[in-house]
Amino acid sequence: MVALPRAKNPQAVLFACGLNSVRSPMAESLLKQMIPQGLYVRSAGVRKGELDPFAVAVMAELGQDISGHRPMTFEELDDWEGLNFDLIVTLSPEAHHKALELTRTVAADVEYWPTPDPTGTDGSREQKLSAYREVLDGLLMRIRRRFSRTGAASG
């Protein structure tokens, strides 16, 4: 019998980026919406950030409210509830390095999904929102592709 990778159908997923203020909370909300039961989903950042109002705005366009999200670092999440995840999806290089460090002591698989940071976008409010929507669309596509089979067979 061939052993499948543990994270093929993960029970607990952590999305991680630099500040836990844009990409990772968006991804966390998208996956929670897609699979509301049977999957534990959280997000964290390498450093502590502030929730980004443009991220809140583009998520609201999808009918998802992330305005109550409280950005958290890996260390805060660990102190709060432990880092018991089968899969850590990293969205930035620094989060990827941090996650790989963690796997020395935490038994989790790590997947790197390079995701652009829209916070540096210049221009009008609409141009900025457009950059955030592109990131959101990219995350949604990756999440659907990665998790569409997870939990779909049960129920």
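- Taking all atoms of both residues into account, the shortest heavy-atom contact from A27 to L91 is CB-CD1, 4.3 Å.
- For K48 and E75, the salt-bridge test fails: no basic side-chain N is under 4.0 Å from an acidic carboxylate O.
- Judged by distance alone, with hydrogens and angles left aside, the side-chain atoms of Q11 form a donor-acceptor pair with the main-chain N or O of N9 at under 3.5 Å.
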- Begin from the C-alpha positions of V13 and F147 and carry the test side chain to side chain contact (heavy atoms under 4.5 Å, CB included) through to its verdict. CA-CA 11 Å; V13 177; F147 296 100; 3.9 Å; yes
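- Using a 3.5 Å distance cut-off with no hydrogens or angles, the side chains of Y40 and E81 do pair a donor with an acceptor.
- Considering every non-hydrogen atom in both C17 and S24, the closest pair reads SG-OG, 3.0 Å.
- Shortest non-hydrogen contact noted between A95 and T90 is O-CG2, 3.5 Å.
- Shortest non-hydrogen contact noted between V58 and L136 is O-CD2, 3.7 Å.
- Here the options are T115, L87, I143, the test is side chain to side chain contact (heavy atoms under 4.5 Å, CB included), and the partner is F15; only I143 passes.
- Neither Y112 nor L102 shares a network with the other; the hydrophobic side chains, linked directly or stepwise wherever heavy atoms of I, L, V, M, F, W or Y lie under 4.5 Å apart, form separate groups for each.
- Distance check, rounded to the nearest 0.5 Å: OG of S92 to NZ of K98 gives 12.0 Å.
- Contact annotation: the side chain of Y132 approaches that of D52 to within less than 4.5 Å [non-hydrogen atoms, C-beta and beyond].
- A donor-acceptor contact closer than 3.5 angstrom links the side chains of S43 and N20.
- When atom types are taken as modelled, the side chain of S29 and the backbone of M26 share no donor-acceptor pair closer than 3.5 angstrom.
- The two residues S67 and D65 make their nearest non-hydrogen contact at OG-OD1, 2.5 Å.
- In the hydrophobic clustering of ILVMFWY residues, with side-chain heavy atoms under 4.5 Å counting as a link, L19 and L30 come out apart.
- Rounded to the nearest 0.5 Å, atoms CG (D79) and OG1 (T73) are 7.5 Å apart.
- Taking CZ from R42 and CG from N84, the interatomic distance works out to 12.0 Å, rounded to the nearest 0.5 Å.
- Side-chain atoms of L14 and F74, non-hydrogen and from C-beta on, do get closer than 4.5 Å to each other.
- By the criterion of side-chain heavy atoms lying less than 4.5 angstrom apart, applied directly or through intervening Ile, Leu, Val, Met, Phe, Trp or Tyr residues, V135 is grouped together with L140 in one hydrophobic cluster.
- Put simply, the side chain of D86 gets close to the backbone of A12: a donor and an acceptor are under 3.5 Å apart.
- Contact between L139 and R23 at its shortest, heavy atoms only, is CD1-O, 3.6 Å.
- Taken to the nearest 0.5 Å, the NE2 atom of H69 stands 11.0 Å off from the CE atom of M59.
- The closest donor-acceptor contact from the side chain of R142 to the backbone of W113 lies at 3.5 Å or more, if one exists at all.
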